[in-house]
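Below is one structure, written out as structure tokens, with a few remarks after it.
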Amino acid sequence: MKTMVSSLSAGLSGNFRVPGDKSISHRSVMLGSLAEGVTEVNGFLEAQDALATLKAFQSMGVKIERLGEGRLRIHGVGLYGLKKPKSDLYVGNSGTSMRLLSGILAGQVFDSVLTGDSSLTKRPMRRVLDPLAQMGAKVGSTDRGTSPLQIYGDGQLSGIRYEMPMGSAQVKSCLLLAGLYAEGETTVVEPAVTRDHTERMLRGFGYAVKTQGNAVSLKGGGRLKGMSIDVPSDISSVAFFLVAASMTPNSDITLEHVGINPTRTGIIDILLLMGADIQLLNRREVGGENVADIRVRSCALNGINVPEELVALAIDEFPVLFVAAAYAKGKTVVTGAEELRVKESDRIQTMADGLQALGVSAQATSDGMIIEGGDVQGGEVESFDDHRIAMAFAVAGLQSRSAIKINNCENVGTSFPSFVELALFCGFKISTQ
Ligand code: S3P
């Protein structure tokens with residue numbers, strides 16, 4: 001799919017389920033591979049990013065059976081059972097694969113190289129390489145601290161206490177995974193709470209992980225035991241529909257079986273502050289993760305100052321939140337979100353440029369954006385090869401004065417290959433080429 005053209009919709013309706021959570025899918029393959037015994041996964045996200053992790057473990061000798069849509073059977077090899085891959089591990093667009101894998105690879109006895117696509121090779125990797133080196137890992141990168149990453153297998157890792165300079169679940173997870181191989185205790189202290197799927201899943205696999213305030217610790221030398229994992233729908237994919245149904249008159253949709261881990265629900269809290277009509281129904285717990293069906297109906301959104309403590313809890317949802325702000329009454333101010341500049345694209349700049357091209361008053365700041373809600377015109381925007389930018393502008397097209405054409409949409413397949421199908425199902429008007 002090269003381009004999407006999104007135009008006026010008279011309302012969204014229906015009950016449906018979006019694909020599995022990307023973060024949990026990555027981790028299910030990683031921990032399932034490193035566990036002893038079989039791990040069965042249901043609801044695995046069959047999208048390029050999570051499949052990149054799956055292929056990486058297959059090329060390190062792990063037998064992973066694909067039993068049908070979203071169903072995997074992983075024959076774990078134990079923490080010390082991975083084999084040296086025959087070639088470089090290519091993980092495409094996936095920052096999660098690269099950063100989490102680097103922690104696991106630092107604990108191996110073989111050398112390896114991690115590479116990615118043109119977007120991933122621009123993203124900062126020192127944030128994981130520096131603390132890994134402090135643990136004793138032997139690692140290399142380009143002079144700019146970007147991939148390809150070389151990870152040499154002769155590092156003897158020792159546990160450290162690391163105060164992370166930024167809120168990043170990828171950095172935290174990388175260090176905890178390296179900590180599985182380290183002598184003694186590894187402690188990661190985060191400046192803001194970030195998604196805790198790694199900690200939860202490690203516990204599910206029978207590994208002791210201690211959380212005390214913002215510090216997470218584990219000791220090396222334990223074992224993981226295979227288990228069953230039910231991956232809920234990805235709230236980051238659901239987010240497009242939460243905003244879409246809120247801003248489109250005559251809408252009433254229900255998203256089923258959505259992961260509502262409290263470290264991921266910032267999008268719901270922010271939309272509620274903007275006046276959204278969102279209800280969490282049938283709350284339940286599935287395999288250590290909180291799940292609910294989410295009903296959302298149209299409403300008038302108001303601009304707000306987004307509380308900074310919610311930023312890390314909604315970090316992947318800002319592209320579509322900026323769209324919500326463009327349709328809201330009044331001003332929305334986002335601060336403390338400088339991490340958006342180092343995502344699959346610089347999401348502050350790419351969204352500000354796109355919104356301005358649609359006639360919205362959107363001013364990029366160093367750590368966020370100031371948006372004056374109002375009329376959104378149609379026009380042509382670039383996705384900058386970023387899946388979430390492409391889908392956010394597809395949502396913008398639901399109520400714009402004329403259609404919005406979005407260029408370079410191939411990367412929608414990295415996280416949400418069925419986006420257009422589900423969008424059409426509930427009432428979007430999208431054509432693709
Ligand atoms: C992720 C963490 C976040 C998020 C990414 C997935 C994870 O990245 O943006 O999409 O699965 O741990 P950062 O750790 O860079 O914030």
Side-chain angles (χ1 to χ4, degrees), residues 19-31 44-45 47-50 52-54 91-104 116 119-120 122-131 145-147 162 164-178 188 190-202 214 216 231-232 234-240 259 261 263-267 289 308 310-321 336-348 350 367 386-389 391-392 411-412 414-416:
D21 188 276
K22 183 153 76 73
S23 295
I24 299 177
S25 295
H26 281 294
R27 288 155 172 83
S28 70
V29 170
M30 293 179 183
L31 298 190
F44 177 78
L45 173 66
Q48 287 157 24
D49 276 15
T53 291
L54 186 149
V91 295
N93 195 243
S94 177
T96 309
S97 308
M98 185 169 280
R99 296 202 178 108
L100 272 59
L101 265 168
S102 63
I104 293 171
S119 149
L120 185 54
K122 289 191 199 88
R123 296 180 64 188
M125 293 297 149
R126 283 201 182 109
R127 53 181 57 204
V128 289
L129 298 182
D130 289 350
T146 53
S147 57
Y162 186 67
M164 294 199 311
M166 75 292 286
S168 164
Q170 293 180 353
V171 175
K172 172 177 65 175
S173 302
C174 165
L175 301 181
L176 291 176
L177 292 169
V188 189
E190 26 182 20
V193 176
T194 65
R195 65 191 69 193
D196 63 358
H197 304 298
T198 304
E199 298 92 299
R200 282 176 191 251
M201 202 184 283
L202 279 168
N214 276 10
V216 190
V231 184
D234 198 331
I235 193 164
S236 297
S237 298
V238 161
F240 299 104
N261 176 317
T263 61
R264 295 287 299 283
T265 45
I267 171 74
E289 291 282 355
E308 284 198 11
L310 293 179
V311 167
L313 310 181
I315 195 67
D316 289 338
E317 286 65 78
F318 278 93
V320 79
L321 270 171
E338 58 280 348
E339 276 294 303
L340 294 177
R341 293 209 177 264
V342 291
K343 295 293 176 191
E344 287 83 327
S345 67
D346 172 347
R347 287 182 174 162
I348 292 179
T350 50
D367 66 342
D386 183 333
H387 53 140
R388 298 201 207 279
I389 302 294
M391 292 186 275
N411 271 351
V412 169
T414 61
S415 68
F416 197 171

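Atoms considered below: every heavy atom in the structure, side chains included; atoms not considered: hydrogens, waters and symmetry mates. Counting convention: from 1, in listed order, for ligands and their atoms alike.
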Query raised in the report: With distance as the sole criterion, is a donor-acceptor pair present between the side chains of Asn261 and Glu289 under 3.5 Å?
Result: yes

Query raised in the report: When you check the side-chain N and O atoms of Arg388 and Ser345, is any donor under 3.5 Å from an acceptor?
Result: no

Query raised in the report: Strictly under 4.0 Å, does any heavy atom of Arg27 approach an atom of ligand 1?
Result: yes

Query - Polar contact flag, side-chain donor to acceptor under 3.5 angstrom, Ser173-Arg27 - result: yes

Query raised in the report: Tell me: protein heavy atom nearest atom 15 (O) of ligand 1, and distance?
Result: Lys343 NZ, 3.2 Å

Query - Protein residue, atom and distance nearest to atom 1 (C) of ligand 1, heavy-atom basis - result: Gln170 NE2, 3.5 Å

Query raised in the report: So, does Met166 sit close enough to ligand 1 that a heavy atom of it is under 4.0 Å from the ligand?
Result: no

Query raised in the report: Can an N or O of Ser23 be found at a distance shorter than 3.5 Å from an N or O of ligand 1?
Result: yes

**Report entry** Residue that, paired with Lys172, satisfies side-chain contact (heavy atoms from CB on, under 4.5 Å) out of Leu100, Thr198, Val188
**Finding:** Val188

Query raised in the report: How does Arg195 reach ligand 1, by side chain, by backbone, by both or by neither, if only non-hydrogen atoms under 4.0 Å count?
Result: side chain

Query raised in the report: Got a sec, which residues hit side chain to side chain contact (heavy atoms under 4.5 Å, CB included) with Thr414, two or more places apart in sequence or on another chain?
Result: Gln48, Asp49, Asn93, His387, Asn411

Report summary line: Sorted by chain and residue number, the side chain to side chain donor-acceptor pair (under 3.5 Å) partners of Arg200 (sequence neighbours excluded) come out as Asp196

Query - Residues Arg347, Asp386: salt bridge by 4.0 Å N-O rule - result: yes

Query raised in the report: Between Leu100 and ligand 1, is there a nitrogen or oxygen pair with a distance under 3.5 Å?
Result: no

Query - Sub-4.0 Å heavy-atom approach of Arg99 to ligand 1 - result: yes

Query raised in the report: Nearest to atom 9 (O) of ligand 1, what protein heavy atom do you find, and at what distance?
Result: Asp316 OD1, 2.5 Å

Query raised in the report: Does any N or O atom in Arg127 lie less than 3.5 angstrom from one in ligand 1, N or O only?
Result: no

Query - For atom 14 (O) of ligand 1, the protein heavy atom that lies nearest, with its residue and separation - result: Ser168 OG, 2.6 Å

Query - Heavy-atom pair of closest approach, residues Ile24 and Asp21 - result: N-OD1, 2.8 Å

